[in-house]
Amino acid sequence: MKKTILGLVLLILATSMVLAQTSDKWLHIKVDNTGDKTERVRVNIPLDLAEKILPAINKDHLHAGKVRIGEAKFNDIDLRAMLDAIRSSKDNEFVTVDSQHQNVRVAKQGGNLIVKVNDLRHGQKEQKVDISIPFTVIDALLSSGKKDELDLVAAVRALAAHGDTVLVTVTDGSNNVRIWVDSNAPAAQ
Amino acid sequence: MPIGLGILGSAGVLVLGGVVVAGAAVYQAGAVRVSVDEKSPDGHHIHLIAPAAAVPIGLRFVPDHALRHAASEVRPWLPAIEIAVTELEKYRDFTLVEVDDAQDHVKIRKLGQTMVIDVDSADATVHVSFPLRSVMSALHRIEALPRNSGKAVVSDHFSDEGD
């Protein structure tokens, strides 16, 4: 009897270990367009899977899980130094742009880099973009040591280690986009 | 009992056993299903079910030149596909991609050890399902193809482009 119970306990432990290794965190992308062209998109990617596949893709600018973005894109801005400065400072709003058609806020809040954009240039519909990226993910993204390279695998790993989080939301009159990470495995319908 | 009848009986049991084992292996490997129903009045209706176990055998009969172009396109992605196939087997059933608009409905799901792709568009309804393992045999066939001096080299060039 004891052996059976021990066997069952070991089986449950082994099963939970296997389940813990997979399907842990999921990146979800949800796009709903209720305008003239009704459109609905759902993408669900296990982060664990992304972490394993990315290093195997060697195409164009993506190599070994790292993507080259070209130094020209930075326009001589030392991105690392700028992010270091923001990370080491207290929670604050760093960039505020208020114009007739657009409001932009860049801030540090609770370990996240926050970007908020309100845009009125898209006709009369206000477009709102909210981006919230944990600094641990940004650090991982810039961890390759090369100025023109982003380490996607490290970023995915950092994202998986982070708690549930909403990364991007975009809303306007008819479009809603949401990109988030959680532990809810989507069921196949 | 005559000796001849005994040998015949034994052979019969062996053949039956072989058929049962082969049937079990085919059942275990699953099936590749392809259904295409064109919606036009004179549209084609194609329904194909083949045992996945037959995929490697079937691929052996496809001439190299017929696969070469597809191989050159797919070759850069082979390592990623191989990892995806191996890893996907570990996950519970889930919907990978779902796209619905006014005309098209696309759904890519993992159900059991099978990938299921359903497309319902204005022109046709398409259903493709294949066991994940069957992809590996196709990959191995592509990997075994000799790299020609045409497309395959072009794909290699692209794969090194970022360096």
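Every chain is numbered from 1, with letters handed out A, B, ... down the list of sequences. Note: hydrogens, waters and symmetry copies are ignored here, and every other heavy atom, side chains too, is used.
- No other option in B:D104, B:L96, B:V116, B:D93 has as many heavy-atom pairs under 4.5 Å with chain A as B:L96.
- What you find for B:D101 and A:E39 is that their closest heavy atoms are CB-CG, 4.0 Å.
- Grouping the Ile, Leu, Val, Met, Phe, Trp and Tyr side chains by contacts below 4.5 angstrom, directly or via other members, places B:V106 with B:V34.
- The same ILVMFWY cluster, assembled from side-chain heavy atoms under 4.5 Å apart, contains both A:I133 and A:I179.
- When A:V31, A:I57, A:I29 are compared by the number of non-hydrogen pairs under 4.5 Å with chain B, A:I57 comes out ahead.
- Taking the side chain to side chain donor-acceptor pair (under 3.5 Å) definition, one finds that A:D151 meets it with nothing, sequence neighbours left out.
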Let me check something: any side-chain donor-acceptor pairs from residues 154-169 of chain A under 3.5 Å, sequence neighbours excluded? List them with distances.
unit_1 : atom_1 : unit_2 : atom_2 : d
A:R157 : NE     : A:E51  : OE2    : 2.9
A:D164 : OD1    : A:K25  : NZ     : 2.9

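- When the shell of 6.0 Å around NE2 of B:H45 is examined, it contains more than 12 heavy atoms from other residues, nucleotides or ligands.
- Shortest non-hydrogen contact noted between A:L49 and B:Y91 is N-OH, 3.3 Å.
- Closest non-hydrogen pair, B:F94 versus A:P186, comes out as CB-O, 3.0 Å.
- How far CD1 of B:I108 is from CG of A:N44: 11.5 Å, rounded to the nearest 0.5 Å.
- By the rule that hydrophobic residues join a cluster once side-chain heavy atoms approach within less than 4.5 Å of another member, B:V74 and B:F130 end up as members of one cluster.
- Most heavy-atom pairs under 4.5 Å with chain B: of the set A:P55, A:A50, A:A56, this distinction falls to A:A56.
- Here A:I53 contributes atom CD1 and B:T86 contributes atom OG1; the two are 9.5 Å apart, rounded to the nearest 0.5 Å.
- A:I114 and A:V97 fall into different hydrophobic clusters, defined by Ile, Leu, Val, Met, Phe, Trp and Tyr side-chain heavy atoms under 4.5 Å apart, directly or through other members.
- Your options are B:L88, B:V99, B:I81, and the one with the most heavy-atom pairs under 4.5 Å with chain A is B:V99.
- Here the CD atom belonging to B:Q103 is positioned 9.5 Å from the NZ atom belonging to A:K37, to the nearest 0.5 angstrom.
- Side-chain heavy atoms closer than 4.5 Å link hydrophobic residues (I, L, V, M, F, W, Y) into clusters, and following such links, even through other members, never connects B:I46 to B:I49.
- Of the inter-residue distances, the one linking A:N33 atom CG with B:D100 atom CG reads 12.5 Å to the nearest 0.5 angstrom.
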